[in-house]
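Notes for the one structure printed next.
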Amino acid sequence: MNKVVKNAEEAIQGVKSGMTLMLGGFGLCGIPENSLKALAASGIKNLICISNNAGIDDFGLGVLLRDHQLKKMIASYVGENKEFERQFLSGELEVELNPQGTLAERIRAGGAGIPAFFVPAGYGTEVAEGKEVREFNGKMHLLETALTADFAFVKAKYGDYSGNLIYNNTANNFNNMMASAGKITIAEVEELVPTGELDPNQIHTPGIFVQRIFQGTNYEKRIEFETVS
Amino acid sequence: MNKVVKNAEEAIQGVKSGMTLMLGGFGLCGIPENSLKALAASGIKNLICISNNAGIDDFGLGVLLRDHQLKKMIASYVGENKEFERQFLSGELEVELNPQGTLAERIRAGGAGIPAFFVPAGYGTEVAEGKEVREFNGKMHLLETALTADFAFVKAKYGDYSGNLIYNNTANNFNNMMASAGKITIAEVEELVPTGELDPNQIHTPGIFVQRIFQGTNYEKRIEFETVS
Amino acid sequence: MALDKNGIAQRIAQELQDGYYVNLGIGIPTLVANYIPEGMEVTLQSENGLLGIGPFPEKGKADPDLINAGKQTVTALKGASFFDSATSFAMIRGGHVDLTVLGAFEVSENGDIASWKIPGKLVKGMGGAMDLVASAKNIIVATTHTNRKGESKLLRKCTLPLTGVACVKRIITDLAVLDIVEKGFKLIERAPGVSTEEIKHATEGILIIDGEIPEMKF
Amino acid sequence: MALDKNGIAQRIAQELQDGYYVNLGIGIPTLVANYIPEGMEVTLQSENGLLGIGPFPEKGKADPDLINAGKQTVTALKGASFFDSATSFAMIRGGHVDLTVLGAFEVSENGDIASWKIPGKLVKGMGGAMDLVASAKNIIVATTHTNRKGESKLLRKCTLPLTGVACVKRIITDLAVLDIVEKGFKLIERAPGVSTEEIKHATEGILIIDGEIPEMKF
């Protein structure tokens, strides 16, 4: 099953104003750089983006923010982006903040056909507002709902023509769950190999979750905080 | 962190009458053979066992059944075991049958601290009896609860002293989730290697989920239905 | 003449489309794999944790760690992947599998299916069938039109414990292809040489016959 | 004298036990890693998907694909494993992490914690903090006893938006070790040379002083 497309421009075909997108990565680690650039170049606006973070001012999701392409962000931590802050405070950008584990699980649930589930995170905080509360085993829990997206953009180290993916180190993060939660999932990889070259026991994301795949180019893989010993 | 114990007899220390156990495997594929033998030899009775299947009459969980060590089974498919059938019909054995995906997810939820979640499977069937029903996206769902165990027994191909596990082919099945859902998880492996020898990107079950690990011996790895072309 | 098992499987194979991910149940559905049209890529999912089921192994090459959901030894094709049961049912429940083909004891005219339990008989359990019927985007039931006693399996209402409600889309039997529509079983095709009357006779539920019914083509 | 950041981290390290899996938050908690007692095996979890955090890499060897939850480049120790964020929080939510150490803006005498948001100030988000405090078996807050304005951070009630309720077990500050008990902050240890009076003065919530309070030992 050949799911290979030529490049990011071809991959993002069908993304339209007002759609909900998921974007993998944690900080700048494991983000779909090529797809983000193509989305920025497309000028598509009014996007709802689900991503753990919002990039930095001049890289990652930050570029879409800068160009006012986002209507709403669903994220857990957006600390490294001043433009985000500005748009949020001015009311230009809607923001829904989720506890990180809840965000991860909502995305997994979206991919796994589980419409809602209970977690303890956020009970008694502003995250609980409007949510059903229920006690299990003497502990209070919130009912959280699944998240899905029109398009999910993920990045892996290796991928094959059938869409099987293998991530590298902590660059997996949100990518694996998001791959399962996109109606159309687009994977970009550092190395695209023919089907059959990846060990079936080592595949992190089975190809069934991926609709389009391409070999990315010119990866910058920026480091947010280079810390050395 | 060295979690290595000598053998199955040492590994099952602490298992007591009346406890709830999880046992990995699908049919006879990926079952913890050594632990099952040690449990059979222990003569411990009144066990509640959570396992997708019930083994066959003279192998796997079937041996515990034969020796009347089980009080209750929570499973999804028990078709290959006549003794199971007899004990169930005579009322000796309590049985709770779960849709297979619901069983898998209840175990994952147990390990992941999610006390309950909604799934569509079983709505309108006898599985729904006594369960909360709720509509999401125009479809009816049942509220299912998490499963945990006093001891979980899993089997992997490779393991290291820290409890990291790698499964082989379809022998993963229920093992990965069960490893996370045992208060004490005991892993037996075909090849036990020193910590550091497994590739951190290829580990299926991180060691945090495993409390005891040992190198199994004399694996029979019986085939239930040898089908050839 | 009524189709045999292989005939049913062959007709079901015509429902496949290039690029489909398909879960085939035990029995007749498994045979569908033998009739995948040349040049069409269909990936078979096995709910015990395999995407990309290959043919049965050669004699002497069976791997005990590589079985399908029917516990038969199989092989894995190029591009296959292995995963745990939670991930496997995430694929199923999440609607990622395009088509599920499974057997049934009974189907009702509103699409209910009974396939897992006969009161008083051997308890086997539902396995993955309830998850599959509750979640698959498209469900085809593969069955004989009548049971061994000659009684219809296509009923007004199921009499046996249900596997799922209002979920079956199409039924392919030894006699016919039928769709579940609002008012009953809609006859789509007849098996070669089987008359509309024969099908009517073998169907207890409401049968909708709209115009001339073509024969299946092989 | 009040401890510095490293002193607080060093005192917290005394809470570690052999075999512990520990999640260390950003700031002072991260420094705890520098004081793990010789011969003790403690595995550090990073919620972005790493079990077995190693030291910062040597200059020039930073791997952009290997960061901690604070987005700093790190290394992975022998026996480490990588996984996705859902699995990472399964570890946390499922109670598999033995100890969580995190910072706070405020802690109340019933164990509520506020650590993520100051109304009118920079919105950063809660990251994994709410998941951690709601689920960790044992939570230690690492903080200065008072804020920059000299106001107590150990309050009767938190004034800032909460991260979690009734979850903190122990607080280790530059002045003291305190446990959350039914009636308030129970003083357990004093920083070297810090008097009970000074601690009382710096604590707005109810402070329980039961008998002679020993000094911390290093």
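Please read these numbers as outputs of a predicted model, since none were measured by experiment.
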Using 4.0 Å as the upper bound for N to carboxylate O, is an ion pair formed by [Y] and [X]?
X	Y	result
D:K217	D:E189	no
B:E96	B:K72	yes
B:E144	B:K131	yes
B:E132	B:R134	yes

If one checks every heavy atom of D:T43 against chain B at 4.5 Å, the contacting part turns out to be both

When you check the side-chain N and O atoms of [X] and [Y], is any donor under 3.5 Å from an acceptor?
X	Y	value
B:D160	B:N164	yes
D:S46	D:N48	yes
D:N6	D:D4	no
B:Y123	B:E135	no

Using a cut-off of under 4.5 Å on heavy-atom pairs, state which of D:S81, D:A76, D:G52 scores highest against chain B. D:S81

When only heavy atoms count and the cut-off is under 4.5 Å, which of residues 153-178 of chain D reach chain B? none

Using non-hydrogen atoms only, which part of B:D199 is less than 4.5 Å away from chain D: side chain, backbone, both, or neither? neither

Counting only heavy atoms closer than 4.5 Å, note whether B:I208 contacts chain D via side chain, backbone, both or neither. both

